[in-house]
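One structure is given here, and the rest of the page talks about it.
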Amino acid sequence: MSAISLGNLDISYGDTKVVHGVSLDISEGESFALVGESGSGKSTILRAIAGLAPDWTGEIAVLGKARSHGVDRDVARQVQMVFQDPYGSLHPRKTIDAVLSEPLDINGIGSRGERVEAMLNAVGLDQRFRFRFPHQLSGGQRQRVAIARALMLEPKVLLLDEPTSALDVSVQAEILNLLKRLRREQGLTYLLVTHNLPVVSFLCDRLAVMRQGRIVEVADVALLKSGRLVEPYSRELLEATAGRDASLADTPS
Amino acid sequence: MTTRDWLLDDSPTSRWQASAGRAYRVFTALLRNPLSVVGGVIILVLVLTAIFAPFLAPYSATGQDLANRLAPPSDMHWMGTDELGRDIFSRVIWGSQITLTIVLLVALISAPLGLLIGAVAGYFGGWTDRVLMGITDIFLSMPKLILALAFVAALGPGINNAIIAIAITSWPAYARIARAETLTIRNAEFIAAVRLQGASPVRVIVRHILPLCTSSMIIRVTLDMAGVILTAAGLGFLGLGAQPPLPEWGAMISRGRTFILDQWWVATMPGFAIIVVSLGFCFLGDGLRDVLDPKSEGK
Amino acid sequence: ATPADALVIAQNIDDIVALDPAQAYEFTSGEINTNVYDRLVGYEAEDTTVLAAGLASEWVADDAAKTITFTLRDATFASGNPVRPEDVVFSFSRVIKLNLTPAFILAQLGWTPENIADMVTIADGKVVVKYEGDFSSAFVLNVLASRPASIVDEVLVMEHAEGEDLGNAWLNTHSAGSGPFVMSDYRPAEIVRLTANESYFRGAPAMKSVIIRHVAEAATQQLLLTSGDVDLAKNLTPDQIAGLPADTVKVETYPQAAVHFLSFNQKTESLTPPAVWEAARYLVDYDGMTQSFLKGQMEIHQAFWPKGFPGSYDETPFTHDVEKAKQILADAGIETPINVTLDVINSAPFTDMAQSLQATFAEAGINFEILPGTGAQVITKYRDRTHQAMLLYWGPDFMDPHSNAKAFAYNSDNSDGNYTATTTWRNAWAVPQELNDQVTAALAESDQAKRNEDYIAIQKEVQANSPIVIMFQAALTIAMANNVEGYVNGATSDFVYYRLVTKN
Amino acid sequence: MSTLLSVQNLRVSFPTHRGRVEVVKGISFTLGRERLGIVGESGSGKSMTGRAILKLIRKPGLVTADRLDFDGVDILAQSERQMRAIRGARISMVMQDPKFSLNPVMTVGEQIAEALVTHEKLPRRAVNERILAMLEAVRIDDPQRVAGLYPQEVSGGMGQRVMIAMMLIPEPELLIADEPTSALDVSVQAQVLDIIDDLVTRKGMGLILISHDLNLVSRYCDRILVMNAGTVVEECAAGELDKAQHPYTRGLLAAMPVIDETRDELPVLDRTQWAGT
Amino acid sequence: MLGFVFTVFLTFLGLLAITFFIGRVIPIDPVLSVVGDRATPAVYEAAKVQMGLDQPLPIQFFNYVVGVFSGDLGKSVSTGRAVVDDLSRFFPATLEMATIGIIIGVALGVPLGVIAASRQGSVVDQIIRVVGLLGYSMPAFWLGLVGLAVFYARLRWVGGPGRLDIFYDGLVSPVTGLILVDSLLAGEVDIFWNAVSHLILPASVLGFFSLAYIARMTRSFMLDQLSQEFVTTARVKGVPERVVIWRHAFNPIRVPLITVIGLSYAGLLEGSVMIETVFSWPGIGNYLTTALLNADMNAVLGSTLVIGAVFIFINKVSDVLYRVLDPRAR
Ligand SMILES: Nc1ncnc2c1ncn2[C@@H]1O[C@H](COP(=O)(O)OP(=O)(O)OP(=O)(O)O)[C@@H](O)[C@H]1O
Ligand SMILES: Nc1ncnc2c1ncn2[C@@H]1O[C@H](COP(=O)(O)OP(=O)(O)OP(=O)(O)O)[C@@H](O)[C@H]1O
Ligand SMILES: [Mg+2]
Ligand SMILES: [Mg+2]
């Protein structure tokens, strides 16, 4: 069964259509990347799947069930989203404990204390962070909390919108490792948005390249690694990344 | 571990410690701001005066002594006596209870009301917003004192009704602020996140949006307190505030205004009390603005 | 400084609703009417206590035929039109036909819109006034000296009539009288300007204009007066007056006809026992108030007809005596405390009086909760008889003791439907039948001395045994610039005269 | 090579509820007419160092240094007024976040013009020409139109280029560029940095390039300072970054995934070792 | 545009409905204000019918609204005149005072706020704040009376209560109702200066209150701006402090400031009963209050309508200015 399937999806904000006829099929347990230029509609697709961009036509199905246009409670336990900005995605007046208990509370799940504790361990946060406020955490720590929050309801699918782009490399590495481990342990499906090809290479199985609201290429990560993307725009991205990294090409890996 | 360390602990071990720590940080930040310290001391004095009025007031607030009316300030009567020979100092002290009641009740009625209406309007948008804001605009474009006056006239005289009237007239301003703030918050990702977890709109508004609007509301309310006290005084000016012989400050000034040229102390002493208390609230509000402002709280 | 030929007055004039004598019913409009209009007979500036000739130079009363025949003097209106008998007929009949508030004063004479053409007629160039009812011609003359009996200029008024209003709208902003002044400008809540009528039959007034400025705030009036920008300040409080500089300002006191009273609504169970009424009379701190905040503003008076007028009863048997009051209540087995509300107009001195009453009544266990309200609010409640205790005042409609006897001692039908503007009905006091009869009899009495005796008897009865505690008679203290002479202020606002004023 | 800037024991501190906290803890370096890169993780004090050089740290913040000389001028001793003559004209700084660093109610053209005319009296026409030329230089296609736009009407990448244009136009002797290209996509990034590079080589401008992107810094700089928690942990020539010794630097390098990634797990920094944040 | 007209219409209707309702629940009998308290039942009933108060409430309201749209606001029972005439006299008086007041408030409040913000924490800042806060907390009538006692009665620097000295009263016929304008139109310079001397004190008292509010809001807006990054950018460019403050920090706050000023102007245009009473100023605040206390509903509704219109108008103007001045809003 496919985890996410999009059929001929158009998405608009008011009068402007920003995503044009996107079709995708992501199978369960896969890690799929959306890359492409800024403003091409990557985040918008994620928001539409989550129900946050309700103005769409076409088909969206999650785990075989068609999505409604709004946020909907049943889906909450199957799909969760992690946002790009670790600074804006946590309520500034709530402790980490409150943030993580909230989904349990909403869905009437008991034994919150233990679950929160376990989840903090799972994302590699020390218990001493539990009662801190977000401003007392670093960006990487906040992003861990955001991931933990998304995992609280044990969803099958995670939508990740540039989860590391606001973080510096050392923190990025921690988050990427975490995501990789969680996927392995819990059999999650990822739909990841990023503009960083090395990240795709590290974390994903397949990728789709987007430009101006359209998917220009869908490829296997192996092709990316070996530099064999075909579309011109994909190649452009690839070359610029490679050129920049050239100076450190001999970095030990 | 001292209490202070416990409060400032970066890794609190309970919710309670976390919120206590936050409160303590706000408190110490306020202490660093001289004007807000002054303001806080004034409010503290007001509260203590109100609590201990029976012990502090040298005379009764209502005891008349017609033979000794309109006496200038002296050893006996620190603030002089009024037109019925009552000791103004004692009346000012007793009046602190009324002032405090006014301030508290208005804050407790109008701020939550405005907060709720504004948040609902801002969160739902669309027709809900249009209708609620239409009503708010109607109330806002109505002359404030008149509205209060009409309510007092309709409800009957008395300090409680005056308070309700003032509260009813002051919520629209709060509703606007709350709405504006909600509009900026409602698209925040942390709101999107709780919605994705299946939170109902009521829950989102009550648990996530309102707590964020409260700090600017607290600031606004403290700043408006001067205005509230003065509106009460304005109702007193028209004879519709507190019922005599209650020592409400505004009513005292307005009764004393005929004496202002010859017996200045009758109107000026309670006026002075109003100014001091209003200043207290304003200073505190200013201080809170600097301290509670989420922008400055980031680091 | 003010101009030498103008009298500038600071006064609160926002009570004015109407200035047409057929409609005017407020204090300030009464004053203005008095200076703008003449009546057939009236109390004149030279002596406000004696009924004198007005536009009628002489009159003959026929008590048997119930007619009075008036001979008009040779006078002209300010417009230049002559004053004709037709104007008198017009003036009276328009009051009756318009049937606005003050119409009841004239209607007492048995006049109705249907019969008015027969009741006021012209014969031989004289005006013949007929009346119906059991009362003396003295009473009729008092009625005809009242404000609605003012004579207006028919020609001028009818030029400005609109529809059926007989010039009512126009007269509310203009004047059409023969009096010493013409109202040349009226802007509500701002100013009334009176200009001398050079052709006034008693001679043109010395002041070329009288300017009444609306100044609501007493302290502002005080500032204006001490700064010399007004000549007269009408609404100063006694305390302000006490502080005025004697070298530039003088103060005159004028006894007024209004009486101030505390009344108990008989619909309130706890206020019905006569013992409570009696005890109340001992619980008022008469001296305390008149010697402090009411000083110069009121004097003790405990009967309904004011001192200084024929028929008044000036004894003041009650003093503040808490022990006695307690005794009375105890003897009658009244349970205290009695908790009632006290309605009061929310301005000085009423609120102060209420507080004093509150303090002294509390000593005997009668606790007032003071409910201040605006005049209109208090009256609305009073009219609906929903108050408990009420602190208010009453001024006679016209200067005849019957005006007050009817208000304080007469109530023939106490039912809710029978609205009457009397103190008795409004307090739901069913007046004993004998007292009602006494009032009717006094009205019919033609012997003046006997009549006065009757009224004194009635007043004694009301004083001894009624739920109305009459406490004070008002006085008006007016501060004016030292150079103002000849200002006349009688017992009501109907007797305020500017025509003798001079400044030197 | 003459020394343009010399910094010795620079400290920046801010008061917090537990006393003053130093965010820059006594760093020292000198700079000639060359390109210096500063790298380090977020919060390590890179931006604060840049601001301190321009005396831009405001009140509760405190800057001290044994020495902070720019071209023989003691910066710390300069009055605000004297600093104004230095800022822009002689030292200028590309601010980190163009979204917040551009005035929302002035067109970008006006803002660039302001940088120019503050230090140089020029006829209007000449100003215009210089602006357009500068915008073109930072690879903005339609300079005429963009000059008339307001900051919120340009994309993040454009904003960064505007910022660079604005700071380059007075032709300063020292440019501090704080994450100047983070919002640009990789191909534009290269072009813009080439222009800056060109100014350094042609006009002898000094450059401090702040970034946490090690690839970028190593490519465009001569020397690199690696900062961590307010201190300089390593200083090396750019070409020798891959030979860096400090474990922190090595950690940073290793943490970057590469396009042909084969590792199953990225090595992460062991923060406890450097008493980091 | 149509949507705007529609919302304005609804707002007005709501305004009228609420005012109307209030007027009916006030325990004051409007008939009594017309006929006085001693009228006979017949007179009372006749007046009630004549005022249309015998009809059911919805009909009364409907009739009133219909009247409003034909430009008829009815007759005031407390002045006996058409409400339109009353308003055309009382409103200009308030307008004149409020306008001068807001000019004073803005001319002093804005610079003071800017100065305070640019020297945050300094003695100057504290003084400005305290003075401003005093304006917040002083009872208006107290300040007005003391002002009169000092500047008029004692020092004689200004004219007294009222709009003109008594000799000048009524000399120029009202055209706009604004004496300052009318006197100039009539070429009466003396009267103009006399009007100024009467206006200056009450307007200053009003001005002080708006000054307090405007200064504090200016200060707070400026502080927000001064901590923005783009202000630092301006400093990086080396622009003079004056330019930093006025061009970079002040320009962006013009819009919120205009809203603040607009709202306080609207507040002043409501008229202040207290100031008007103390200064014997025939303004709308007094008119409205007196009318309300007499249940003179036509006058109350008429005034509310005018004040509501002013409010909506000012709101609209600030919206337009918003779009003109702030590129972010375009
Ligand atoms: N709330 C919104 N209202 C209107 N337009 C929007 C909104 N959000 C995004 N857009 C527009 O939709 C388009 C796609 O935006 P989206 O955020 O999906 O891009 P993206 O691919 O995620 O880009 P980035 O890499 O910069 O995050 C853009 O042109 C953007 O301007
Ligand atoms: N006003 C302030 N008060 C207290 N601490 C501050 C203040 N401003 C900055 N800091 C702290 O100074 C430290 C250094 O900040 P700086 O901006 O220099 O980091 P950076 O290296 O530029 O990071 P980034 O890569 O995220 O831009 C941070 O930990 C920050 O929290
Ligand atoms: Mg995106
Ligand atoms: Mg930085």
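Convention: sequence-line order gives letters A, B, ...; per-chain numbering from 1.
Looking at C:R187, both its backbone and its side chain come within 4.5 Å of chain E, counting heavy atoms on both sides. Proximity to chain E involves both the backbone and the side chain of C:N99, based on heavy atoms less than 4.5 angstrom apart. Residue C:V8 touches chain E through its side chain alone, counting heavy-atom pairs closer than 4.5 Å. For chain C, the nearby parts of E:V35 are the backbone and the side chain; heavy atoms of each come within less than 4.5 Å. Interface remark: C:I191 contributes side-chain atoms only to the contact with chain E (heavy atom separation under 4.5 Å). Looking at C:A189, the atoms closer than 4.5 Å to chain E (heavy atoms on both sides) sit in the backbone and in the side chain alike. The contact between E:R156 and chain C is made entirely by side chain atoms (from C-beta outward), counting heavy-atom distances below 4.5 Å. Both the backbone and the side chain of E:L293 come within contact range of chain C, with heavy atoms under 4.5 Å apart. For E:R89, the part lying under 4.5 angstrom from a heavy atom of chain C is the side chain only. Looking at E:A153, the atoms closer than 4.5 Å to chain C (heavy atoms on both sides) sit in the backbone and in the side chain alike.
Counting only distance, with no hydrogens or angles, the side chain of E:E96 and the backbone of E:L180 share a donor-acceptor pair below 3.5 Å. Looking at E:D296, its side chain does come within 3.5 Å of a backbone N or O of E:V77 through a donor-acceptor pair.
To the nearest 0.5 Å, the span separating CD on C:Q23 from OG1 on C:T101 amounts to 6.5 Å.
Using a 3.5 Å distance cut-off with no hydrogens or angles, the side chains of C:K406 and C:T424 do not pair a donor with an acceptor.
Scanning both residues, C:V249 and C:L225, for their nearest heavy atoms gives CG1-CD2, 3.7 Å. Of all heavy-atom pairs between C:A22 and C:R94, the closest is CB-NH1, 3.7 Å.
Between C:W425 and C:Y419, the distance separating the two ring centers is shorter than 6.0 angstrom. Ring centroids of C:Y393 and C:F350 are separated by less than 6.0 Å, placing the two rings close together. Residues E:F21 and E:F61 place their aromatic rings such that the two centres sit no closer than 6.0 Å.
Interface summary for chain E: among C:I211, C:I16, C:D14, C:L224, the most heavy-atom pairs under 4.5 angstrom belong to C:L224. Interface summary for chain C: among E:D165, E:D169, E:N286, the most heavy-atom pairs under 4.5 angstrom belong to E:D169. Between chain C and the residues E:N294, E:D85, E:T290, E:I166, the most heavy-atom pairs under 4.5 angstrom are made by E:I166. Most heavy-atom pairs under 4.5 Å with chain E: of the set C:R426, C:H214, C:E26, C:Q222, this distinction falls to C:R426. Per-residue counts of heavy-atom pairs under 4.5 Å with chain C were compared for E:F90, E:Y287, E:W281, E:Y44; the largest is that of E:Y44. The greatest number of non-hydrogen atom pairs below 4.5 Å with chain E, out of C:S227, C:A10, C:A219, C:A376, is found for C:S227. Note on E:A295, E:G144, E:P282: by heavy-atom pairs under 4.5 Å with chain C, the leading option is E:P282.
The number of heavy atoms from other shown groups lying within 6.0 Å of CZ (C:F261) is above 12. The number of heavy atoms from other shown groups lying within 6.0 Å of CD (E:Q55) is above 12.
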